[in-house]
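Please read these numbers as outputs of a predicted model, since none were measured by experiment.
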Amino acid sequence: MAAIGWKIDKTQQNTLLERFVPRWSNVVADHITLDARAADGDRLPTDREASIIGYASDGEGVEALVVAIGGDVRRPDGGTYHITWSLDQGHKARESNDVIASHGWRKLDQPVMIRIIPAKL
């Protein structure tokens, strides 16, 4: 099994990091997961753009950007598409799912379009 999803286009990553200054020292900001438990033969997604539409944080070490792909924020597994943005020491990227589910997220005033690259993660 391997995770599949999208990598964030490296040409946009620095611009995004300037716009959404990471709060915590461990900056992740590199991918969006579609399926964390994909079978080895599962096909990669085909989408090539997404919109950053929201922000989530627990204020205790986890922050994420909520993303819409194909106009939808819901992953097939019921989770929310997101980019784990930054983490404080002792926190793991997978915690972003729980933070979004338990704390919700704040909608941005304007969506930010980004290019995404289908990939094994």
**Q** Distance check, rounded to the nearest 0.5 Å: His103 atom NE2 versus Asp98 atom CG?
**A**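 Taking NE2 in His103 and CG in Asp98, the distance rounds to 9.0 Å.
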**Q** Identify every side-chain donor-acceptor pair in residues 104-120 under 3.5 Å, counting partners at least two apart or on other chains, and give the distances.
**A**
{"residue": "Arg115", "atom": "NE", "partner": "Asp9", "partner atom": "OD2", "Å": "3.1"}
{"residue": "Arg115", "atom": "NH2", "partner": "Thr11", "partner atom": "OG1", "Å": "2.9"}

**Q** Do you know which two heavy atoms are closest between Thr84 and Val28, and how far apart they sit?
**A**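 Closest heavy-atom pair between Thr84 and Val28: O-CB, 3.3 Å.
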**Q** Hey, are the side chains of Arg75 and Asn97 touching, using non-hydrogen atoms and a 4.5 Å cut-off?
**A**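 Arg75 reaches Asn97 side chain to side chain.
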**Q** Going hydrophobic residue to hydrophobic residue with side-chain gaps under 4.5 angstrom, can you get from Trp6 over to Val27?
**A**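 Yes.
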**Q** Stepwise, does the side-chain contact (heavy atoms from CB on, under 4.5 Å) test hold for Val66 with Tyr55?
**A** CA-CA 6 Å; Val66 175; Tyr55 174 82; over 6 Å; no
**Q** Nearest 0.5 Å, please: how far is CD1 in Ile32 from CD1 in Ile83?
**A**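 With rounding to 0.5 Å, CD1 (Ile83) is 4.5 Å from CD1 (Ile32).
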**Q** What pair of heavy atoms forms the shortest contact from Gly90 to Glu95, and how long is it?
**A**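 Closest pair (atom of Gly90, atom of Glu95, distance): O-OE2, 4.1 Å.
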**Q** Quick check: closest heavy atoms across Gly71 and Ala68, and the distance to 0.1 Å?
**A**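 Residues Gly71 and Ala68, closest heavy atoms: C-CB, 4.3 Å.
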**Q** Show your working on side-chain hydrogen bond (donor to acceptor under 3.5 Å, both in side chains) between Thr80 and Arg74 and close with a plain yes or no.
**A** CA-CA 5 Å; Thr80 301; Arg74 285 278 166 219; 3.2 Å; yes
**Q** Could you see if Leu65 belongs to whatever hydrophobic cluster contains Leu34? Use Ile, Leu, Val, Met, Phe, Trp, Tyr and a side-chain cutoff under 4.5 Å.
**A**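 Yes, Leu65 connects to Leu34 through the hydrophobic network.
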**Q** Mind checking the CD-OG spacing from Gln89 to Ser25? Nearest 0.5 Å is all I need.
**A**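 Result: 5.5 Å between the selected atoms.
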**Q** What distance do Ser86 atom OG and Glu63 atom CD have between them, rounded to the nearest 0.5 Å?
**A**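 Going from the OG atom of Ser86 to the CD atom of Glu63 covers 3.0 Å.
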**Q** What heavy-atom pair brings Thr33 and Tyr81 nearest, and what distance separates the two atoms?
**A**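 What the structure gives for the nearest pair is O-CD2, 3.9 Å.
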**Q** Could you grab the distance from atom CD1 of Ile52 to atom CG of Leu16, nearest 0.5 Å is fine?
**A**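 Output value for this atom pair is 4.5 Å.
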**Q** Decide yes or no on side-chain contact (heavy atoms from CB on, under 4.5 Å) for Trp85 and Leu17, but give the supporting numbers first.
**A** CA-CA 9 Å; Trp85 204 242; Leu17 288 167; 3.5 Å; yes
**Q** Using a 3.5 Å distance criterion without hydrogens, assess whether the side chain of Asp35 forms a donor-acceptor pair with backbone atoms of Arg37.
**A**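 Judged by distance alone, yes, a pair lies under 3.5 Å.
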**Q** If you measure from CH2 on Trp24 to OG on Ser57, what distance do you get to the nearest 0.5 Å?
**A**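 Atom-to-atom, Trp24:CH2 and Ser57:OG are 6.5 Å apart.
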**Q** Please report the closest heavy-atom contact between Ala50 and Ile69, naming both atoms and the distance.
**A**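 Shortest heavy-atom contact: CB-CG1, 3.8 Å.
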**Q** Distance-only, no hydrogens or angles: does the Gln13 side chain make a donor-acceptor pair with backbone N or O of Ala29 under 3.5 Å?
**A**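 It does hold such a pair.
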**Q** Look at the side chain of Glu18 and the backbone N and O of Thr15, then say whether any donor-acceptor pair between them is shorter than 3.5 Å.
**A**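 The answer is no, because no donor-acceptor pair under 3.5 Å joins these two groups.
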**Q** Is any side-chain heavy atom of Lys7 closer than 4.5 Å to one of Leu121?
**A**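 With C-beta onward as the side chain, the pair touches.
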**Q** To check you understand the geometry: which heavy-atom pair defines the closest contact between Ala64 and His82, and what is its length?
**A**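 In terms of heavy atoms, the two residues are closest at CB-CD2, 4.2 Å.
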